[in-house]
Amino acid sequence: MSNKVEIKIMFEAEKLDALEVFLGESNSSVQKKLAEDLQHLYEKTVPEPVRKFVDAKAGTKPRRSSSSGSSQARAKIPSTTQKEPDERGQSGGQPATE
């Protein structure tokens, strides 16, 4: 069984109310849409080999990505503590990406 966490964000109440009304008309909800979008972001951002490892570790079956051939898998996960130099040779505040 996978461990789930709650994510809290700030959003204007009036906008949320309007969003709930119009999503309700299509039999959806803010929570459903956010969960779908978060899953899509995960599949788009996290390389497939890493997703397979996470799924195996969590004991879940991996979801089939709708864009199976379009994403390129990265060989390693960028470190959030190691900084690579930018074009000017200075160490930037962003993690290394490929």
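These values consider heavy atoms only, across backbone and side chains, with no hydrogens, waters or symmetry-generated copies. Numbers here simply count residues along the sequence, with the first being 1.
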Item checked: Test log, rule side-chain contact (heavy atoms from CB on, under 4.5 Å), inputs Leu34 and Ile7 -> CA-CA 10 Å; Leu34 285 175; Ile7 298 173; over 6 Å; no

Check: What distance do Glu48 atom CD and Asp55 atom CG have between them, rounded to the nearest 0.5 Å?
Finding: 10.0 Å

Next item on the list: Return yes when atom CG of Asp17 has more than 12 non-hydrogen atoms of other residues, nucleotides or ligands closer than 6.0 Å, and no otherwise.
Entry: yes

Check: What closest approach, in Å, do Glu43 and Arg51 show between heavy atoms, and which atom pair accounts for it?
Finding: O-NH1, 2.8 Å

Next item on the list: With rounding to the nearest 0.5 Å, note down the distance linking CD in Glu6 to NZ in Lys4.
Entry: 12.5 Å

Check: Same cluster or not: are Val30 and Ile9 linked, directly or through other Ile, Leu, Val, Met, Phe, Trp or Tyr residues, by side-chain heavy atoms under 4.5 angstrom apart?
Finding: no

Check: When clusters are formed from ILVMFWY side-chain contacts under 4.5 Å, directly or step by step, what else is grouped with Val21?
Finding: Phe22

Notebook entry, point to check: So which heavy atom on Asn27 is nearest to which on Lys32, and how close?
Noted result: O-NZ, 3.7 Å

Check: Where the side chain of Thr45 meets the backbone of Tyr42, is there a donor-acceptor pair that is under 3.5 Å apart?
Finding: no

